[in-house]
Amino acid sequence: MLDIPLSALEVAMVQTDTRALDTLRDTAAFAQGMERLGYHRVWYAEHHHSPAIGAFPPVVLIAHAAASTSAVRLGSGGVLAPNHAPIMLAEQFGTLAALHEDRIDLGIGRGPGTFDEGIARALRRGAGPVTDAEYRDDVAATLSFLVDEVALGPLPEPWLLASSPAGAALAAELGLPVAVAHHIRPDNTRAVLERYRAEFTPSRWCERPRVLLCVETVCADTEEEAAWRVGPMDVVKAGLLKGVSDLPFPTPAAAAAHPFTPEERQALAAFRAQQAVGTPETVVRRLAALAEETGADELMLTTPVHDLGDRLRSYELVRKYVEATAAP
C-alpha cells in the first residue's frame, strides 16, 4: 500500500503549563525512537518567539540527536536562510556532515520563523524582509561555500523547502531536491510540483526531480482519540485564521472545550481532509493516496502532539500498519 521511505519532522511543541526545557530534553529521545521504528530521517524546524513552539536552533538539535543515534538521517526542515550568513550555515552543516558521515541533511527555507516583525528584524540585524533575489543568492552562496570553502569530507545532503511555486522554481533552477510543505499550504501542492518538475535542471546535487512531501499526521487507536490529540493544533490554527499568532499550545482537554466558530470548524475540517488523521487504516490509506496523487519519492510526517509517548505511539502505529499491509 505504501512503499516509499517515511520520515519525521519534529516541531517541538511546548504545551501550556509545561517547561520548554522538558520539550528540549525529549528531542533526542524522539530521534532514538524514530531510529528504532525504522524511519528514514528526522528533521528539526527553526522557530522564534512562539509560546507554542520551542526556539531551539536546528543545528544544535541535530548535533545532540546525532550523538545518541547511529543510523537515522538528521537535518533541518528547515534552517531559514534569511536569518544566517551563508558561510556560517556551510561551516555548521559541513562540520556536522564530517562528524556524522552520510547522515546529515541541510534543508533550507525562506521564512523568518516568526510572526513578530521585531524579532524578524533582530534576526536579520535590522534588515527588512528578504527579496527573491537575496534569497536565491543566499542559497546559492551556501551551496558554493559548502563545496569551495568548507568541504571536510562527505557533504550534507541539501534540500530546498517550498510552499509556493516561486520556491519550487528556485529548487528547480538550482537542481535541488524539494521538500513540499503540504502540512502548511496544501492548496499550493499541485502548483508547486508542476512547476518544479517542469523546470528542473540536473545538478551535482540531484540528477532528476526528487520530491519529499510533508503531511500533518496524527494516528491513534480510534478516530476519537486521534481527534482528541489533534485538538490543540486546531486551536492554534483557528487563531492563525484570525491573525492571532501568539496563542499557547493548549492541553487536549482545554482544546476539547474551545469554542470554535462554525467558520473555523469548516476551515479546520477542510484542512484536515488534506492531511492524515485517524486510525492506522485511515492514516495509511490517506498517506498512500497522497503519495500516488503527488508522485512523491518520500513522505515526511509531522505530528504536532506535545506528549512524547503519544507522539511516538502515532509514528509506531503508522509504521506497524505499513509493515502489516506490505506486499509479500
Side-chain angles (χ1 to χ4, degrees), residues 7-15 18-35 39-114 116 119-120 122-125 138-139 142-143 145-146 149-161 179 214 249 300 302-304 306 308 311-312:
S7 295
L9 173 65
E10 173 66 306
V11 182
M13 309 305 298
V14 180
Q15 187 171 279
T18 64
R19 302 185 305 166
L21 177 60
D22 295 326
T23 299
L24 176 62
R25 287 173 173 166
D26 284 346
T27 56
F30 178 79
Q32 292 166 1
M34 294 300 96
E35 181 170 82
Y39 280 80
H40 183 51
R41 64 181 99 228
V42 174
W43 282 1
Y44 300 97
E46 178 180 346
H47 293 93
H48 303 277
H49 196 62
S50 168
I53 304 174
F56 311 136
V59 69
V60 177
L61 297 184
I62 295 165
H64 182 54
S68 58
T69 57
S70 60
V72 66
R73 295 193 65 90
L74 298 161
S76 54
V79 67
L80 302 174
N83 300 339
H84 308 277
I87 193 167
M88 289 302 297
L89 285 182
E91 288 177 350
Q92 291 168 355
F93 281 82
T95 300
L96 282 171
L99 291 171
H100 306 282
E101 293 188 17
D102 299 321
R103 294 183 60 205
I104 303 300
D105 301 327
L106 171 55
I108 303 174
R110 174 171 176 169
T114 179
D116 188 300
I119 296 298
L123 288 164
R124 300 201 67 219
R125 297 187 178 185
D138 282 349
V139 175
T142 300
L143 298 175
F145 281 129
L146 271 175
E149 299 287 339
V150 174
L152 303 171
L155 295 174
E157 184 174 281
W159 290 74
L160 200 70
L161 279 61
C214 190
F249 194 70
M300 178 166 276
T302 182
T303 302
H306 167 73
L308 176 63
R311 200 157 68 253
L312 289 174

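As the structure is a prediction and not an experimental result, all values here were calculated from the model. Counting begins at 1 with the first residue of the sequence.
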With sequence neighbours excluded, what pairs up with [X] under the side chain to side chain contact (heavy atoms under 4.5 Å, CB included) test?
| X | result |
| --- | --- |
| H49 | T114, D116, I119 |
| A63 | L96 |
| H47 | V11, A45, I53 |
| E149 | F145 |

Measure the [atom1]-[atom2] distance between [X] and [Y] for me, rounded to the nearest 0.5 Å.
| X | Y | atom1 | atom2 | answer |
| --- | --- | --- | --- | --- |
| L146 | I87 | CG | CD1 | 10.5 Å |
| L61 | F30 | CG | CZ | 11.5 Å |
| L143 | L160 | CG | CG | 8.5 Å |
| E91 | H84 | CD | NE2 | 13.5 Å |

If a pair satisfies salt bridge (Lys or Arg N to Asp or Glu O under 4.0 Å) and one of its residues is in [range], list it, with sequence neighbours excluded.
| range | result |
| --- | --- |
| residues 44-64 | none |
| residues 49-72 | none |
| residues 63-78 | R73-D105 |

Contacts of F56 meeting ring pair (Phe, Tyr, Trp, His ring centres under 6.0 Å) (sequence neighbours excluded), chain-then-number -> none

| field | Pairing residues for E157 by the salt bridge (charged side-chain N to carboxylate O under 4.0 Å, His left out) criterion, not counting sequence neighbours | value |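 So E157 forms a salt bridge (charged side-chain N to carboxylate O under 4.0 Å, His left out) with R41, R210.
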
Are [X] and [Y] packed together at the side-chain level, in the sense that at least one heavy-atom pair is separated by less than 4.5 angstrom?
| X | Y | answer |
| --- | --- | --- |
| S76 | L106 | yes |
| T18 | F249 | no |
| H100 | L74 | no |
| W43 | C214 | no |
| H306 | T23 | yes |
| N83 | H48 | yes |
| Q92 | L89 | yes |

Which pair of non-hydrogen atoms, one from [X] and one from [Y], has the smallest distance, and what is that distance?
| X | Y | result |
| --- | --- | --- |
| A28 | S68 | CB-OG, 3.9 Å |
| E35 | S70 | OE2-N, 2.9 Å |
| G109 | L161 | CA-CB, 4.2 Å |
| A179 | W159 | N-CE3, 4.0 Å |
| P156 | P158 | O-CD, 3.2 Å |
| A81 | I108 | CB-CG2, 3.7 Å |

Quick one: side-chain hydrogen bond (donor to acceptor under 3.5 Å, both in side chains) partners of [X], sequence neighbours excluded?
| X | value |
| --- | --- |
| D102 | none |
| E10 | R311 |
| T69 | R103 |

For a side chain to side chain contact (heavy atoms under 4.5 Å, CB included) check, start with the C-alpha distance between F93 and V79, then their side-chain angles and the critical distance, and finish with the verdict.
CA-CA 10 Å; F93 281 82; V79 67; 4.3 Å; yes

